[in-house]
Chemist: 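Below you will find the structure I want to go over with you.
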Amino acid sequence: MNGNEVINKLLEHTGLTPSTFAKKLGEKRPQRIYDIQNGKTKKLSREIADKISSAFPEINRTWLLTGEGDMLNIESTSALTLTNEKVTL
């Protein structure tokens with residue numbers, strides 16, 4: 001999976017525009033995100049991966065850098081499942 005596929009999945013997951021996503025990462029301008037999204041930049045840098053991991057801790061950092069494995073951390077998906085389950089007493 002290349003950088004633009006990763007960014008597009010992240011934007012879909014978060015429901016954010018590239019501009020809003022960039023602001024969440026602390027980027028002053030969204031150009032870096034647009035460059036990745038449009039294929040000008042082929043893969044995410046460690047710096048961008050770190051920023052994404054800080055802003056969205058549920059995202060698997062290894063997936064960000066390699067495109068391999070699950071997008072979400074196992075702990076995050078477990079917590080999400082638990083919060084969405086109904087408890088009947």
Side-chain angles (χ1 to χ4, degrees):
M1 183 176 301
N2 58 29
N4 70 337
E5 292 171 316
V6 169
I7 286 295
N8 287 329
K9 285 189 181 273
L10 286 169
L11 294 174
E12 182 180 324
H13 171 75
T14 60
L16 299 174
T17 64
S19 180
T20 305
F21 185 78
K23 286 179 187 172
K24 283 264 201 201
L25 302 183
E27 293 287 309
K28 293 180 182 175
R29 297 182 314 122
Q31 192 60 46
R32 287 177 82 177
I33 302 304
Y34 288 129
D35 287 348
I36 298 166
Q37 189 179 32
N38 295 324
K40 185 175 179 182
T41 302
K42 301 296 181 198
K43 64 180 190 173
L44 275 66
S45 67
R46 291 189 185 278
E47 178 189 1
I48 288 290
D50 288 344
K51 288 181 177 188
I52 294 169
S53 293
S54 292
F56 303 96
E58 73 275 14
I59 303 298
N60 180 343
R61 189 172 185 280
T62 301
W63 177 82
L64 288 171
L65 293 170
T66 66
E68 296 176 6
D70 294 326
M71 179 174 76
L72 299 177
N73 289 315
I74 292 170
E75 300 84 28
S76 296
T77 55
S78 297
L80 184 61
T81 301
L82 289 175
T83 57
N84 288 333
E85 288 182 10
K86 276 189 169 180
V87 176
T88 307
L89 299 175

Chemist: How long is the span from the CG atom in L25 to the CD1 atom in I33, to the nearest 0.5 Å?
Modeler: 5.0 Å

Chemist: Compare every heavy atom of P30 with every heavy atom of P18, then report the nearest pair and how far apart it is.
Modeler: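 Here P18 and P30 meet closest at O-CB, 4.1 Å.
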
Chemist: Working to the nearest 0.5 angstrom, can you tell me the gap between L44 CG and I7 CD1?
Modeler: 4.5 Å

Chemist: If I take atom CZ from residue R61 and atom OG from residue S54, how far apart are they, to the nearest 0.5 angstrom?
Modeler: 9.5 Å

Chemist: Look up atom CD in Q37 and atom CD in Q31, then write down how far apart they are to the nearest 0.5 Å.
Modeler: 11.0 Å

Chemist: Decide whether M71 and I52 are clustered together by the hydrophobic rule: side chain heavy atoms of Ile, Leu, Val, Met, Phe, Trp, Tyr closer than 4.5 Å, transitively.
Modeler: yes

Chemist: With the 4.5 Å side-chain cut-off for hydrophobic clustering, are F56 and V6 part of the same group?
Modeler: yes

Chemist: Salt bridge between K9 and E5, side-chain N to carboxylate O under 4.0 Å?
Modeler: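 No, K9 and E5 are not salt-bridged.
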
Chemist: Any link between Y34 and I36 through a network of hydrophobic side chains (Ile, Leu, Val, Met, Phe, Trp, Tyr) touching at under 4.5 Å?
Modeler: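 No; I36 is not reachable from Y34 via cluster members.
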
Chemist: Quick one, L64 with I48, criterion side chain to side chain contact (heavy atoms under 4.5 Å, CB included). Give me CA distance, side-chain angles, the key distance, then yes/no.
Modeler: CA-CA 9 Å; L64 288 171; I48 288 290; over 6 Å; no

Chemist: Would you find a donor on one side and an acceptor on the other, under 3.5 Å apart, between the side chain of N60 and the backbone of T62?
Modeler: yes

Chemist: In terms of heavy-atom contacts, does CG of D70 have more than 12 from other residues, nucleotides or ligands at under 6.0 Å?
Modeler: no

Chemist: Considering all heavy atoms of both residues, which atom of I59 and which atom of S53 are nearest to each other, and what is their separation?
Modeler: O-OG, 4.5 Å

Chemist: I'd like to know whether R46 forms a side chain to side chain contact (heavy atoms under 4.5 Å, CB included) with L65, so could you lay out the CA-CA distance, the side-chain angles of the two residues, the decisive distance to 0.1 Å, and finally the verdict.
Modeler: CA-CA 7 Å; R46 291 189 185 278; L65 293 170; 3.5 Å; yes

Chemist: Side chain to side chain contact (heavy atoms under 4.5 Å, CB included) for L72 and W63? Distances and angles first, verdict last.
Modeler: CA-CA 8 Å; L72 299 177; W63 177 82; over 6 Å; no

Chemist: Do E12 and N8 pair up side chain to side chain, a donor and an acceptor below 3.5 Å, judged on atom types alone?
Modeler: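 No.
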
Chemist: Hey, what do you get for CG (L11) to OG1 (T17), rounding to the nearest 0.5 Å?
Modeler: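 Going from CG on L11 over to OG1 on T17, the span is 7.5 Å.
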
